[in-house]
Amino acid sequence: MNRIWNSIVGKLWATILLLVSFVLFIVTALLLEFFDNFHTRQAEETLAREAKTVGNIIIDHENESAMKLVVNDILNNGTQAMVVGKDGQVAYSFHDGVTNVQSIEEKILSEQLFSERKEGNSSKQMILPSLSGKEVSERYIVSSTPLPNKGDGYVVLYQSFEAIHDTTKWTTHIVLLSAFIAFILTTFFAFFLSTRITRPLRQMKEAAFELSKGNFDARIPVKQNDEIGQLSTAFNQMGRQLKYNVELIKQDKEQLSSILTSMTDAVITFNRDNTILLSNPQAEKVLQKWSFINQESKELLPPEIIHMLEHAVMFAEEVDAELELGKRFFVVKISPLYSKNSIRGAVAVLRDMTEQHQLDKLRSDFIANVSHELRTPISMLQGYSEAILDGVPETAEENHEMVKIIHDESQRMGRLVTDLLDLARMESGHMRLYKSEMAVVSFLERMRNKFAQVAKDANVNLEVEANGSETLHLQADEDRIEQVFTNLIDNAIRHTPDGGRVKLSVEKYPKSVAISVIDTGSGIPEEDLPFVFERFYKADKARTRGKSGTGLGLAIAKNIAESHGGSISAKRGNKEGTIFTCVLPLE
């Protein structure tokens, strides 16, 4: 029931019903009043006509019995009559079973209107005793008419309002029945009209809910050309425009999301209270690394960035700085975000400059290392050549020894330059590989035979461990792979003490093969292992080494392994020494 009253149908129905009910009530009351007055006037006119007729009958009939019989026939049911003589007394009385007619007649005769005997008809409503003899009074219509040619005599007719009420009751029933039928029809047509009006509104409501759920294809059927039809047309146009605008916003959002995702810089959007509203994957990685490194801190952001955010929001200006966050270097730029004239937050862009710092360091280290590597042989070349020019060597043997040193140092400089050129060619991708089928175990056996004398001179045991891989083959440039293991085996023998052991081991995996060079030397310190493949890097801080080394062997070995689609790594042994492992793909 509450649902009906809260709906437009119920409100329209109640409004129309109340309006029609009020109109029907006024019309019914007026009609009943009209018919009551009308029936009263009709009764008065009827009584006057009957009184005149009775008077004519009395004059025309000499026979009293016949005259009474005719008068009783003329009188309507419930109408009583009497004839008053000129002496003011009742000459004739016509009544039908009235018990207290005498008291009624006396009261009528006492009325001044009738006692004065004015000419013409006269009517009046009076309160008289009941015709039934009960001790109650009733309302009567009394009408009098003078007798023709009889002097002061007149005829008086009186009738109770009960007869008039019987006619009025029937009229009232008809009026009330008509009002009831009008009420029922009004209810029906009110529901019909309100339903016709509200059906499009309900459709609009359902379509609006669909729009709120994101279904912008919802449409309202337009079946009429009135204001509601125009509203439906406008609603459909609104739905199409909303769909178009949402598609544009969605495309812009996807485009912005793609741009943010593909950016190498970290982008973070903040609210005024420094809470993160939006971040791209690069920013999430930076925050995760910072949180992992600073697990004890409860802050999600580094304090330096928080300070920059507060400054940007408070002073409404861009802030940029270079910060070190989690052992990485970032250039941070923070700009305020506006909502009309107020600042609603800020956006921060973090560019990772760690690689740039490393490149700058490598560049400076490379220049320093090359200068260091060239300085010694150049100094020796200058020193010994000046000694020869000055005639320092006194014997031919001393002179030959100096010339030999100059020759060795020049060869050393040549090897250094050659290695540098090879490394530059590899890193630029211009190195060409000549791949062929290579038997792994046979290759390792050949490498053992190649270094057998060197190992014997160093009193180091050099062995090969096949691990059941005697038939293992792979596609590789054998000369380049030999260059890798020549460097690894030579380093292992040189750093293994007397009585030590160097082992060449093979392990086969589903899609690759791992070849390891394991020595029992002093090993490389744990903190130096990540850097052993950099150019000119030496775990020996005094930079002492054999005469044949250039400091570029491991860097070249790494580039050769990666050009084959593999990798090379170094780790400390379980108890002693170092393990260098080269992983090459089988296909």
Side-chain angles (χ1 to χ4, degrees), residues 415 419 438-470 472 474 476 478 480-509 512-562 564 566-584:
R415 287 194 302 272
D419 288 346
M438 184 182 80
V440 177
V441 177
S442 298
F443 168 76
L444 295 180
E445 293 287 350
R446 183 162 59 83
M447 295 300 298
R448 182 183 62 179
N449 295 333
K450 178 180 178 180
F451 284 91
Q453 186 61 41
V454 177
K456 183 178 180 181
D457 293 342
N459 194 21
V460 174
N461 183 23
L462 181 61
E463 60 185 33
V464 175
E465 187 177 276
N467 294 326
S469 302
E470 287 79 2
L472 183 62
L474 54 84
E478 190 168 349
R480 293 294 183 182
I481 299 299
E482 181 177 348
Q483 185 179 357
V484 172
F485 284 94
T486 296
N487 185 278
L488 295 179
I489 295 172
D490 181 65
N491 287 342
I493 292 175
R494 285 193 292 110
H495 291 87
T496 301
D498 291 345
R501 181 168 64 110
V502 175
K503 182 173 66 173
L504 307 180
S505 174
V506 181
E507 291 289 340
K508 181 182 178 182
Y509 297 98
S512 61
V513 58
I515 306 174
S516 302
V517 178
I518 307 170
D519 64 62
T520 58
S522 58
I524 301 174
E526 192 73 32
E527 62 273 11
D528 292 327
L529 285 176
F531 310 102
V532 294
F533 295 101
E534 293 183 5
R535 291 170 291 185
F536 299 112
Y537 186 86
K538 292 181 178 293
D540 183 4
K541 306 306 178 186
R543 304 191 62 82
T544 59
R545 55 173 176 79
K547 293 182 180 180
S548 61
T550 62
L552 298 173
L554 291 180
I556 294 174
K558 179 182 179 182
N559 277 275
I560 293 175
E562 291 178 350
H564 280 78
S567 62
I568 189 170
S569 61
K571 65 177 182 179
R572 289 183 60 84
N574 295 331
K575 294 181 180 180
E576 58 184 355
T578 307
I579 301 175
F580 283 88
T581 303
C582 179
V583 179
L584 298 172

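- Using a 4.5 Å cut-off on side-chain heavy atoms (C-beta onward), Asn461 and Val502 make no contact.
- For the atom pair CD (Glu482) and CG (Asn487), the distance works out to 12.5 Å, reported to the nearest 0.5 Å.
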Taking it one step at a time, do Phe580 and Ile524 satisfy side chain to side chain contact (heavy atoms under 4.5 Å, CB included)?
CA-CA 11 Å; Phe580 283 88; Ile524 301 174; 3.9 Å; yes
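- Distance check: Ile568 CD1 to Ile515 CD1 gives 10.5 Å after rounding to the nearest 0.5 Å.
- Contact record, Ala458 with Asp498: O-OD1, 3.1 Å, taken as the closest heavy-atom pair.
- Contact between Pro497 and Gly521 at its shortest, heavy atoms only, is CD-CA, 3.7 Å.
- Asn491 is not listed as a side-chain neighbour of Asp519, based on a closest heavy-atom distance of 4.5 Å or more.
- Here the closest heavy-atom approach between residue Gly523 and residue Thr578 is recorded as CA-OG1, 3.2 Å.
- In this structure, OG in Ser516 is found 7.5 Å from NZ in Lys571, a value given to the nearest 0.5 Å.
- Once rounded to the nearest 0.5 Å, the distance linking CG of Leu504 with CZ of Arg448 reads 8.5 Å.
- The heavy-atom pair separating Leu554 from Val532 by the smallest distance is CD1-O, 3.3 Å.
- Partner of Val440 under the side-chain contact (heavy atoms from CB on, under 4.5 Å) criterion, out of Ile481, Val506, Leu584: Val506 alone.
- Taking CG of Leu472 as the start and CZ of Phe443 as the end, the distance is 12.5 Å to the nearest 0.5 Å.
- Of the inter-residue distances, the one linking Leu462 atom CG with Phe451 atom CZ reads 8.5 Å to the nearest 0.5 angstrom.
- Of the N and O atoms on the side chains of Arg446 and Asn449, not one donor lies less than 3.5 Å from an acceptor on the other residue.
- Across all their heavy atoms, Arg501 and Thr520 have their closest contact at N-OG1, 2.9 Å.
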Using side chain to side chain donor-acceptor pair (under 3.5 Å), reason through Gln453 and Asp457 one step at a time and then give a plain yes or no.
CA-CA 6 Å; Gln453 186 61 41; Asp457 293 342; 3.0 Å; yes
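- A donor and an acceptor atom, one from each side chain of Thr486 and Lys450, are located under 3.5 Å apart.
- The heavy-atom pair separating Val517 from Ala492 by the smallest distance is CG1-CB, 4.0 Å.
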